[in-house]
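Computed from a predicted model, the values in this text were never measured in an experiment.
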Amino acid sequence: MHILQDGNRLIIRRHPMTVWIDPWGPNSLRIRATCEARMDEHDWALNEPVPDTSFSIQILNVDTTDPWYLDSPDASKHHTGQEGHIRNGKIHAVVSPEGWISFYNSDGQLLTQEFWRTRDRLNRYTVPLRLDGRELKSIPGTDAWHLTARFEAFEDEQIFGMGQYQDAPLNKKGTILELAHRNSQSSVPFYISSRGYGFLWNNPAVGKVTFGTNRTEWYAESTRKLDYFITCATTPSDILFQYTLMTGRTPMMPEYGLGYWQCKLRYRTQDEVLQVAHEHKRRGLPLDVLVIDFFHWTRQGDYRFDPKCFPDPAAMVKELKEMGIRTVVSVWPTVDEKSVHFAEMSENGYLVRSERGISNTGTWMGAVHLYDATNPEAQHYLWNQCNSYYGSLGIQNYWLDEAEPEFGPYDFDNYRYHAGPALQVTNLYPLGYAKGFYDGQKASGQEDILSLIRCAWAGSQKYAALTWSGDIHSSFRSMREQLQAGLSMGIAGIPWWTCDIGGFLCGYGKDPAFRELLLRWFAWGAFLPVFRMHGERQPWFDLEVDYIDGVEQLSSGQDNEIWSFGEPAYSIMRKYLFLRERLRPYIRQVMEQSHGTGSPVIRPLFFDFPEDQKCWSVTDAYMFGPDLLVAPVLEESVLHRHVYLPAGHDWTEAYTGRIFNGGQTVQAEAPLDIIPVFLRDKTKLEIFDNWYEN
């Protein structure tokens with residue numbers, strides 16, 4: 001084994017593997033490894049300019065004599081080996097004479113280290129398991145590798161982030177997570193550790209990570225190299241600042257993103273869209289965005305309104321704009337074989353292809369193929385088609401649905417992109433989807449860019465991606481899961497996040513239990529980065545059915561406007577619409593902070609109060625920006641709940657005006673029309689003056 005320096009880089013050569021350790025931004029290192037002759041050149045999420053930093057590299061000769069020899073006839077045969085050190089600001093990596101890597105902060109405290117269970121020269125480990133800290137095993141008959149990277153586990157460690165998963169744990173310690181996207185699942189493989197570091201698995205391959213109590217283990221099913229990034233700091237906010245410096249930060253949220261978004265499955269006709277808009281205005285209700293969902297088009301892949309249902313879309317968009325309402329239209333990546341664009345996209349390689357069997361990637365509502373979002377030419381083509389039609393109508397915002405993409409089924413080994421086999425690159429898909437539209441909008445001179453999208457990967461944030469959590473269930477269990485999903489996305493560097501208020505699937509509008517859920521969710525929605533109503537709303541049996549070429553189309557779904565659920569639901573939801581309007585100046589400041597520093601809009605309590613150990617275990621409340629503590633009601637038939645208030649601050653209950661000292665758990669009243677909110681220290685109360693009475 002040899003350790004050497006090449007410019008800024010510390011290199012480990014331990015046949016057949018070569019490892020690179022590079023300074024990569026403030027207090028950060030990037031580690032890459034390959035068993036091939038050349039290192040794969042993809043930077044993936046780490047494609048921002050790398051700033052110069054103050055670093056140092058040392059290679060020392062150390063005594064590696066085996067203590068067993070000291071009492072033997074060969075005791076005089078001492079051996080030496082190399083030990084490597086690379087320091088970059090507050091982070092310090094040490095490479096042992098065997099090539100094992102450990103990471104420390106500037107105080108000498110161990111952050112994490114590779115997990116090796118084999119014998120070393122100093123007899124630190126004599127376990128004959130022959131488990132290496134990093135393994136690249138060739139896949140016979142291919143030029144790809146199975147990759148496993150192992151790290152030590154620590155009893156005191158808590159792990160937060162990793163994107164969006166539909167389960168309960170906010171702390172990912174003890175979980176197994178699939179490194180792949182699905183409908184409602186976004187794998188964003190960055191986490192913050194309670195031990196004072198952040199870690200990015202910079203690899204878009206399908207795989208899994210196990211945050212076990214005995215070890216942490218990352219696995220990629222097919223790849224060309226190991227690649228990860230580690231950064232350390234004294235606070236979670238500084239960790240995220242350093243991470244987003246190297247992966248990109250979100251733009252400033254446009255003003256229309258701060259208000260209320262109305263959506264349902266689906267507004268089927270032009271008249272229906274305008275009726276909803278006019279009713280909002282007639283009632284004097286604020287409305288910034290009205291979203292026109294899927295199957296407003298002639299066919300999947302046509303990217304145009306169906307003239308039977310939308311006879312004059314330009315006039316519709318103009319009328320909405322005059323009312324101060326922004327129009328957003330749904331774009332799917334699915335291209336029907338009967339689409340006017342299918343032949344051209346197929347011939348030019350703009351579609352995802354199958355490795356075997358039939359070439360289409362789905363059969364829902366027709367034989368469809370997926371646009372290849374990893375192909376820059378395909379990105380340009382799709383943007384041009386959408387802009388030339390929708391743009392000519394005055395539409396500038398898009399809902400990029402199915403962005404995982406949603407395969408049917410998720411047989412990743414059977415699909416190939418322009419960028420490579422799906423097993424190696426599929427997690428890049430939503431990033432390329434958002435990037436294609438962002439680049440097109442920038443090139444055409446558009447400002448205030450934002451795209452609603454159903455998935456994200458590391459770096460998606462810089463392409464103005466507003467992620468939402470997909471087709472979730474209408475239940476309190478699902479609502480609670482969305483809370484941790486949104487917090488985890490923010491910690492993973494994706495600050496623009498929202499979910500379908502009331503859930504998407506199985507919400508029956510006339511059911512009192514659903515109405516209770518909807519009211520709790522709507523109140524919570526007012527304290528999310530984007531406040532957006534959506535859902536398919538049951539029942540379906542009494543709705544009109546359309547057909548295109550003999551294929552049954554989806555109906556509108558039941559009504560989903562705030563007046564659709566009767567009293568007292570309407571009065572309660574109306575109150576939160578106006579509360580959101582009063583919150584706009586505060587939300588704007590929070591968005592500016594997110595744009596400038598990479599901080600989440602919604603975040604766990606420990607993000608702002610890391611010194612309070614109790615904050616690391618709070619999973620049912622969060623900070624909305626630095627000054628508002630929000631504690632949504634996440635259970636049925638609950639009229640009060642306990643809330644922990646971080647130590648070292650005074651907290652004012654917005655509902656009652658009561659002031660509490662921090663460092664204690666209080667009982668907050670939560671009648672059906674109230675979400676418990678507490679204001680930090682001397683945050684101005686004018687926003688909430690009499691809000692519960694209006």
Side-chain angles (χ1 to χ4, degrees), residues 251 254 256 266-267 269-270 273 289-322 325-352 366 368-403 405 418 429-454 463-466 548:
Y256 61 85
R266 62 187 172 94
Y267 292 122
T269 68
Q270 180 171 330
V273 169
V289 178
L290 205 157
V291 185
I292 302 174
D293 202 345
F294 65 173
F295 287 88
H296 65 265
W297 47 66
T298 46
R299 284 193 183 91
Q300 295 175 74
D302 281 358
Y303 315 119
R304 62 188 60 248
F305 284 108
D306 184 342
K308 297 191 301 294
C309 301
F310 295 86
D312 193 351
M316 175 189 70
V317 173
K318 181 175 182 292
E319 189 171 347
L320 291 172
K321 184 177 181 180
E322 290 170 350
I325 300 171
R326 198 119 176 165
T327 305
V328 174
V329 292
S330 173
V331 175
W332 276 29
T334 48
V335 183
D336 194 298
E337 291 180 353
K338 297 179 180 179
S339 167
V340 295
H341 298 122
F342 174 76
E344 184 178 5
M345 295 182 76
S346 178
E347 290 171 2
N348 286 293
Y350 297 164
L351 302 174
V352 177
V368 295
H369 301 245
L370 286 165
Y371 141 77
D372 187 348
T374 74
N375 185 338
E377 292 184 6
Q379 293 175 8
H380 185 69
Y381 179 88
L382 178 58
W383 161 252
N384 280 342
Q385 294 301 325
C386 290
N387 188 49
S388 63
Y389 177 74
Y390 293 120
S392 69
L393 306 176
I395 294 172
Q396 294 187 325
N397 295 96
Y398 299 90
W399 176 355
L400 308 180
D401 208 340
E402 298 275 316
H418 172 81
Y429 193 96
L431 186 145
Y433 202 177
K435 182 179 185 298
F437 277 77
Y438 181 82
D439 288 348
Q441 289 167 304
K442 291 286 285 187
S444 63
Q446 291 187 26
E447 299 178 351
D448 296 334
I449 300 170
L450 181 155
S451 293
L452 181 64
I453 190 168
R454 203 174 71 180
Y463 300 121
L466 164 59
I548 297 178

For Tyr381 and Glu344, what are the C-alpha separation, side-chain angles and deciding distance, and is it a side-chain contact (heavy atoms from CB on, under 4.5 Å)? CA-CA 10 Å; Tyr381 179 88; Glu344 184 178 5; 3.0 Å; yes

Kindly determine whether Leu400 and Leu452 satisfy side-chain contact (heavy atoms from CB on, under 4.5 Å), including the steps that lead there. CA-CA 6 Å; Leu400 308 180; Leu452 181 64; over 6 Å; no

Does the pair Val352 and Tyr371 meet the rule for a side-chain contact (heavy atoms from CB on, under 4.5 Å), with working shown? CA-CA 6 Å; Val352 177; Tyr371 141 77; over 6 Å; no

Verdict with supporting geometry, Tyr303 and Leu382, side-chain contact (heavy atoms from CB on, under 4.5 Å): CA-CA 9 Å; Tyr303 315 119; Leu382 178 58; 3.3 Å; yes

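When atom types are taken as modelled, the side chain of Asp372 and the backbone of His418 share a donor-acceptor pair closer than 3.5 angstrom. Checking side-chain atoms of Ser388 against main-chain N and O of Asn384 turns up a donor-acceptor pair under 3.5 Å. Side chain of Tyr438 to backbone of Ala465: no donor-acceptor contact under 3.5 angstrom is found. In this structure, the side chain of Asn387 does not engage the main chain of Gln441 through any donor-acceptor pair within 3.5 Å.
Between Ile449 and Pro251, the closest side-chain pair of non-hydrogen atoms is not below 4.5 Å. Using a 4.5 Å heavy-atom cutoff, the side chains of Val368 and Val335 are not in contact.
Shortest non-hydrogen contact noted between Gly391 and Tyr398 is N-OH, 3.9 Å. For the residue pair Ser339 and Gly301, the shortest heavy atom distance occurs at OG-O, 3.0 Å. The two residues Asp336 and Phe342 come nearest to each other via the heavy atoms O-CB, 3.4 Å.
The NZ atom of Lys435 lies 5.5 Å from the CD atom of Gln379; values are rounded to the nearest 0.5 Å. Asp448 contributes atom CG, which lies 6.0 Å from atom CZ of Arg326 (distance to the nearest 0.5 angstrom). The line from CD1 of Ile292 to CD1 of Ile395 is 6.0 Å long, rounded to the nearest 0.5 Å. Interatomic distance, OH of Tyr256 versus CG of Asn397, reported as 3.5 Å (0.5 Å rounding). The CD atom of Glu337 lies 11.5 Å from the CZ atom of Arg299; values are rounded to the nearest 0.5 Å. In this structure, CD in Gln270 is found 14.0 Å from NZ in Lys308, a value given to the nearest 0.5 Å.
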Could you list the donor-acceptor pairs under 3.5 angstrom formed by side chains in residues 310-321, with sequence neighbours left out?
residue	atom	partner	partner atom	Å
Asp312	OD1	Ala315	N	3.3
Lys318	NZ	Glu322	OE2	2.7
Glu319	OE2	His278	NE2	2.6

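The number of heavy-atom neighbours closer than 6.0 Å to NE2 of His341, taken from other residues, nucleotides and ligands shown, is above 12.
Between Arg304 and Asp302, no side-chain nitrogen of the basic residue sits less than 4.0 Å from a carboxylate oxygen of the acidic one, so the salt-bridge criterion is not met.
The side-chain contact (heavy atoms from CB on, under 4.5 Å) test applied to Leu431 returns Trp457, Ser460, Tyr463, not counting sequence neighbours.
When each of Tyr350, Tyr433, Phe437 is checked for a ring pair (Phe, Tyr, Trp, His ring centres under 6.0 Å) with Trp383, only Phe437 meets the rule.
Centroid-to-centroid, the aromatic rings of Trp332 and Phe295 come within less than 6.0 Å.
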